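So the structure is just underneath, and the comments pick up after that.
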Amino acid sequence: MNSKLSAVKGMNDLLPEQAEVWEQVESKVSEVFRQYGYRPIRTPIVESTPVFVRAIGEVTDIVEKEMYSFTDALNGEALTLRPENTAAVVRAAIEHNLLYDGPRRLWYFGPMFRHERPQKGRYRQFHQFGVEALGFDQPESDAEQIFMVTRLFKALGLTGSFAPKLQLNSLGMPEDRARHREALVQYFQSHHSQLDEDSQRRLGSNPLRILDSKNPEMAELIRLAPQLPEFLGEHAKHFQQRLLKSLEDQGIAFELNPRLVRGLDYYNLTVFEWVTDRLGAQATVCGGGRYDSLVERMGGKPAAATGFAIGAERLILLVQEAQGLASPQAPDAYLIHFGQGACEPAFKLAEQLRDRGLKVVFDPGQTSAKSQMKKADSSGADLALLIGEDESLAGEVTVKPLRGQGQQATMPVSQLLATMDRREQDHA
Ligand code: HAM
């Protein structure tokens, strides 16, 4: 016998019940994003490796340890499965000159790939709902994105203890960060012997990334390290005050977290994350911030920008914790046929009902009425429509309600269709 094949570790199948919940969440998300004027963009899953290295930064966990990078054996190109999508959207915006007639609000949904250790809420293929506002330099754009996520969480029923908590920080302007960097280097150099190997390496190239270390032995040293907010200049402070005022005006709760640095190099000024402790270990559901120099760094004309991405798996896990499993999408009617000559009129009726917008399930073949009835019941359909030999000869159909109080009735097919037409007109 052939051995069984299975999915790659950390990459999940979404079976129909699960995929239906995803579809519901996807449609809610796109509805909210569109309310704010965001338009969809779809970029390839594979990009040339430098797109990510240049954007995310060479000395980051993602680029150093987590990217699925490979050489295309056919032409020697260095390629990477996208670990995130900000880099790719910026690449596409520059390539297609999207900013030539003004700023753009863009959103996307799709799979991302990071070689991380899988656990609940952390996978190697995961999905993000993301937005990128390119060409916007005012704090109101950051605020509006925070409004969007807040609105979305509410629309998905994430309230009370299920509502993720917003944390904010400012990473300042380049000159603020340079001062912070200097202080960090001095501090870590004076504690050199306590640095692990990774951090010793990062000290020379990207000391801010030492702060991302997940090594518990480094935690205390990192806790006492100089923090960015102490180095913010006037512009960064003023920018943050305007953002906080907008949030307060909308009654949005937040916590300032001076330790929030994000794991990607492209950020400046505003950074934010929504965290929850409802998924076991504390998890970030959404992360983002401002990246005013990325467009230029990727080869475009300078353009300020701000964005975020929501982890779809984490969001949906949370929605399911909050609401329980949503019921599967049941058909409106299940068509049951039995006996000679019944299949053809039943098959035709199914199509006529679908013409009228109904979801109808029809089983081909000659299974018994009893077994079809069982399937109709477990499908969750409201109605069973039966066509047996008698009905087929008389041009009739028996309507049997499967839920609620209604009575079973046999009627001409034309009468059933007329009822459906009236119902459609009433709803129009
Ligand atoms: P990120 O913080 O790396 O940001 O990822 C955003 C979200 O994706 C995380 O908060 C988390 O919910 C989810 N996520 C990340 N890794 C995994 C994983 N291995 N398994 C499951 N979920 C995961 C970015 O990717 C930026 N591009 C966000 C952004 C957009 N910033 C500006 N614009």
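Order of listing sets the numbers, starting from 1, for every ligand and every atom in it. Because the structure is a prediction, the values reported are computed rather than measured.
Shown here are the side chain to side chain donor-acceptor pair (under 3.5 Å) partners of T49, two or more places apart in sequence or in another chain: T80.
In the vicinity of G288, heavy-atom distances shorter than 4.0 Å reach the ligand 1 atoms 31 (N). For ligand 1, the atoms lying closer than 4.0 Å to a non-hydrogen atom of G121 are 20 (N), 21 (C), 22 (N). Heavy-atom contacts of E132 reach the following atoms of ligand 1: 30 (C), 32 (C), 33 (N) (cutoff under 4.0 Å). Taking every heavy atom of E84 and a limit of under 4.0 angstrom, the matching atoms of ligand 1 come to 25 (O), 26 (C), 27 (N). If you number the atoms of ligand 1 from 1 as listed, the ones under 4.0 Å from a heavy atom of T86 come out as 26 (C), 27 (N), 29 (C), 30 (C), 31 (N), 32 (C), 33 (N). For ligand 1 and Y266, the ligand atoms under 4.0 Å from any heavy atom of the residue are 26 (C), 27 (N), 31 (N). Below 4.0 Å from some heavy atom of Y267 lie the following atoms of ligand 1, by number and element: 26 (C), 28 (C), 29 (C), 31 (N), 32 (C).
Considering only heavy atoms from C-beta on, N85 comes within 4.5 Å of M112 through its side chain.
For F308 and W274, the gap between ring centers reaches or exceeds 6.0 Å. Annotation: Y187 is in aromatic contact with H191 [ring centroid separation under 6.0 Å].
Checked against a 3.5 angstrom limit, the closest N/O atoms of T284 and ligand 1 fall inside it. For a threshold of 3.5 Å applied to N or O pairs, the pair formed by A309 and ligand 1 contains no separation below that value.
At a cut-off of 3.5 Å, with distance as the only test, no side-chain donor of E132 or Y38 sits close to an acceptor on the other residue. Residues S246 and D249 bring no donor and acceptor atom of their side chains to less than 3.5 Å of each other. Between N75 and E77, the side chains place a donor N or O and an acceptor N or O closer than 3.5 Å (distance only, hydrogens not considered). Judged by distance alone, the side chains of Q138 and R242 do bring a donor and an acceptor atom under 3.5 Å apart.
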Discussion item. Applying ring-ring contact (aromatic ring centres under 6.0 Å, His included) to H337 and F347, what does each step give before you reach the verdict?
Written reply: CA-CA 9 Å; H337 58 96; F347 197 32; 8.6 Å; no
Fill in: Chi angles and distances behind the salt bridge (charged side-chain N to carboxylate O under 4.0 Å, His left out) call for K348, E351
CA-CA 5 Å; K348 191 169 154 202; E351 205 53 12; over 6 Å; no
Worksheet item: Can you list the steps and then say if R151 with Y36 is a side-chain hydrogen bond (donor to acceptor under 3.5 Å, both in side chains)?
Response: CA-CA 11 Å; R151 186 180 294 277; Y36 287 81; 2.8 Å; yes
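Heavy atoms of V285 found under 4.0 angstrom from ligand 1 belong exclusively to the backbone. By the criterion of a heavy-atom distance under 4.0 Å, neither the backbone nor the side chain of A283 is placed next to ligand 1.
Looking only at protein heavy atoms, the nearest one to atom 20 (N) of ligand 1 is Y123 N, 3.0 Å. The protein non-hydrogen atom at the shortest distance from atom 4 (O) of ligand 1 is R262 NH2, 2.9 Å. Counting protein heavy atoms only, atom 19 (N) of ligand 1 is closest to E116 OE2, 2.7 Å. Of all protein heavy atoms, the one closest to atom 14 (N) of ligand 1 is F126 CE1, 3.5 Å.
Proximity annotation for atom 8 (O) of ligand 1: of R114, Q128, H127, Q128 comes nearest, heavy atoms only. Residue nearest to atom 13 (C) of ligand 1, selected from G311, G263, G130: G311 (by heavy-atom distance). For atom 32 (C) of ligand 1, the candidate residues are G307, A133, A312; the nearest heavy-atom contact is made by G307.
Within the structure, ligand 1 has R122 among the residues with a heavy atom less than 4.0 angstrom away.
Remark: R423 does not engage D426 in a salt bridge, criterion side-chain N to carboxylate O under 4.0 Å.
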